[in-house]
Amino acid sequence: MMASGVHPDHNVFPSVLKSSTLLVDLRFGESVHACIVRLGFHLDLYTNNALMNMYAKFQSLYMSTCDEFYGLEVSGGHKIYVHEVLDGIPERNGDGQSKSVLVSCNEPNTDYRKHGFEESVLGSDDNGNLHCVELPCSDGARHVNEGSCAKTNNGRRLQMDSVRKVFEQMPTRDLVSWNTVIVGFARSGLFEEALKMVREMGNANLKPDSFTLSSVLPIFAEYVDVIKGKEIHGYAIRQGLDTDLFIGSSLIDMYAKCTQVEDSQRVFGLLPRRDGISWNSIIAGCVQNGMFDEGLKFFRQMLLAKIKPRHVSFSSIMPACAHMTTLHLGKQLHGYIIRNGYDDNVFIASSLVDMYAKCGNIRLARCIFDKMELHDMVSWTSIIMGHALHGYALDAISLFEQMEEEGVKANSVAFVAALTACSHAGLIDKAWSYFNSMTRNYGIVPGLEHYTAVADLLGRAGKLEEAYEFISSMHIRPTGSIWSTLLSACRVHKNVELAERVAEKIFMTDPDNTGAYILLTNVYSAAHRWKDAVRLRIHMRNKGLKKTPACSWIEIKNKVHAFAAGDESHPCYNKTNEALNVLLERMEREGYVPDTKEVLHDVEEEQKKYLLHYHSERLAIAFGIISTPDGTTIRVIKNLRVCGDCHTAIKFISKIVHREIIVRDNSRFHHFKNGKCSCGDYW
DNA sequence: ATAGGGTTAG
């Protein structure tokens, strides 16, 4: 059209700009922008709105490829967002050891010095929300590394500056103009600037509409600020917008991210109409809050409502299968995923890798991982954690190294996986090197998970005092759960004195911790301190604390079977029992001597043997053996730690029946084959 | 010309 000499009118440019947006062609868009200015259409409302939309889309596209955009997690659920590295600001010390960075935090009045930044050199900027602080770049720079800043600097803000410039030179602005800018800021993580625009919009006598609200709500979801989120909800109700489909799903998501799933459900229940996204918001909301059954229930209801699951639905629901270790469900979903051609999606593939690993099939997990075209940090982390979970520490470590070679930068979760691998294999030196490198070179602040992995490792390796010191010197308050890992190590290494000290720590914050009582009782029994063991049992009974019976599950032909010691309700109980007796006889002939030390002393020795032998995992294994004569792998899911005697017993069983037996306890899978376990005697 | 939901963590 231009070549033929016809002059474009103001209707042309919005379409052309939309094309450059969809073609992801920034340079073309910029030349169209030049053309607009040259022809004098830069005062046209629609054209300007389209221009801003284009620049904002490029900005969010850039942000979605930039992992560091979310910034740094600091304690208490807060995050520091690194916005950009400022050039041209004189370094205070002049020794090249610091860099000025623009940051903000979702916690007001943050003392950045606490998080490894030097004191603020400029204070807040004119927005009142961004802070210019100095980042020491020496070895002491624990919280940000230069790489993340440099990457951030390349694209961050540049396109949003263009949006702002267009916005400022507009003669008139309508709701769409404001909404476009607000969405742009919100999706680029410049939350405070987005909120500031909402306030200014009110000053310009424009009322936020459904577009505004559904763009602003995700900010409060990210901030985990349910108070502000509720204010928006209230405003939506007053405007009669609370049943809007878009606002509805952002409300569901906001409440769920603030752990108030009941409110999510209420909002969902009041929606007059539901599409795939509203369904997915409620499903994801349940799953993210650990309500797996509820999530599955909604997933089924969605299918019944004839809403076709979208690819997002699968990555939302898969973690439910992973956590509940329902392999048959996961497999069914996998089938659906393949039939719909969703299997090339990174989110879905990663969730499948995780699901198969958690359900005990690391080979399939690896197979899916190897078939993926692109590996991102999450898929790497899933497969590393999978190998760690199965005790294949060396594979996990070599995968971690491969990840780094391919230029994928580890984040704090990836380090949890690496440290967990080390912990399960007793690789102390390797673990320390990861831990130190993480804090020094990656700027990651160790969280509870990292500390737990290291403490667990030290404990398992018998370095009990060192573990005690390590936990005591953490920069965050130790929780009952991290002390529990040490208590359990005290049981393994039979250290009564330390066990008492550790249990004391646990009871200080959680006097009703049943697990801790049981562990301590076991320690006393193993040390023949019967009186103490009994005293503790009586104390527990007086407090009304009951031991939850150990339970094991096994999946045979798509059906889950549960076994608990002393529970005779399974239809095949008698046959299972018989099989177990035959097994015990053969085991004893092979040299198995039951370790009855931790069983209560007031039981006859012969009876102790049987109490031990009718442990839930052995019932499940016996059932697995008689139900699958074809010799396939037996996979048992157990809800407690596999104790020392179980470990020995299952080794014998695997040798006698010549089968691979995989047993999962709370923390990992043990692979038994030919009388050996993948984790050796190091359990 | 503008809007909402997803994968990894003892």
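Source: prediction; values computed, not measured.
- Residue A:Thr485 is classed as a base contact, given a heavy-atom separation below 4.0 Å to a base.
- Partners of A:Asp9 by salt bridge (charged side-chain N to carboxylate O under 4.0 Å, His left out), not counting sequence neighbours: none found.
- Nucleic acid contact class of A:Leu213 (heavy atoms, under 4.0 Å, all strands): none.
- Residue A:Asn53 places no side-chain N or O under 4.0 Å from the OP1 or OP2 atom of B:dA1.
- Using a 4.0 Å heavy-atom criterion, one finds that A:Ser315 contacts the bases of the nucleic acid, with or without backbone contacts as well.
- Residues A:Trp279 and A:Phe299 keep their aromatic ring centres 6.0 Å or farther apart.
- Within the 4.0 angstrom heavy-atom criterion, base atoms lie near A:Gly276.
- For A:Asn513, the side chain to side chain donor-acceptor pair (under 3.5 Å) partners are A:Asp510, not counting sequence neighbours.
- Counting distance only, with no hydrogens placed and no angle test, the side-chain atoms of A:Arg668 and the base atoms of B:dG10 include no donor-acceptor pair under 3.5 Å.
- Counting non-hydrogen atoms under 4.0 angstrom, A:His311 reaches a base of the nucleic acid.
- A donor-acceptor contact under 3.5 Å is formed by the side chain of A:Ser249 with the base of B:dG4.
- For B:dG4, its base never sits under 3.5 Å from the side chain of A:Asp244 at any donor and acceptor pair.
- Put simply, the side chain of A:Ser214 and the base of B:dA3 share a donor and an acceptor less than 3.5 Å apart.
- Taking A:His10 as the reference, nothing meets the ring-ring contact (aromatic ring centres under 6.0 Å, His included) condition, with sequence neighbours excluded.
- With sequence neighbours left out, the side chain to side chain donor-acceptor pair (under 3.5 Å) criterion links A:Tyr451 to A:His475.
- Taking only side-chain nitrogens and oxygens, A:Arg187 comes nearer than 4.0 Å to OP1 or OP2 of B:dG4.
- Taking the salt bridge (charged side-chain N to carboxylate O under 4.0 Å, His left out) definition, one finds that A:Lys463 meets it with nothing, sequence neighbours left out.
- Checking the phosphate oxygens (OP1, OP2) of B:dG4, no side-chain nitrogen or oxygen of A:Lys257 falls inside 4.0 Å.
- At a threshold of 4.0 angstrom between heavy atoms, the contacts of A:Val346 include nucleobase atoms, whether or not backbone atoms are also involved.
- Nucleic acid contact class of A:Asn345 (heavy atoms, under 4.0 Å, all strands): base.
- Among the heavy atoms of the strands lying under 4.0 Å from A:Ser210 is at least one base atom, whether or not backbone atoms are also near.
- Residue A:Lys18 places at least one side-chain N or O closer than 4.0 Å to OP1 or OP2 of B:dT2.
- For DNA chain B, the neighbouring residues in residues 283-291 of chain A, judged by any heavy atom under 4.0 Å, are A:Ala284, A:Gln288.
- Looking at heavy-atom distances under 4.0 Å, A:Val183 makes contact with sugar-phosphate atoms alone, never a base.
- Using a 4.0 Å heavy-atom distance criterion, A:Asp174 is classed as a base contact.
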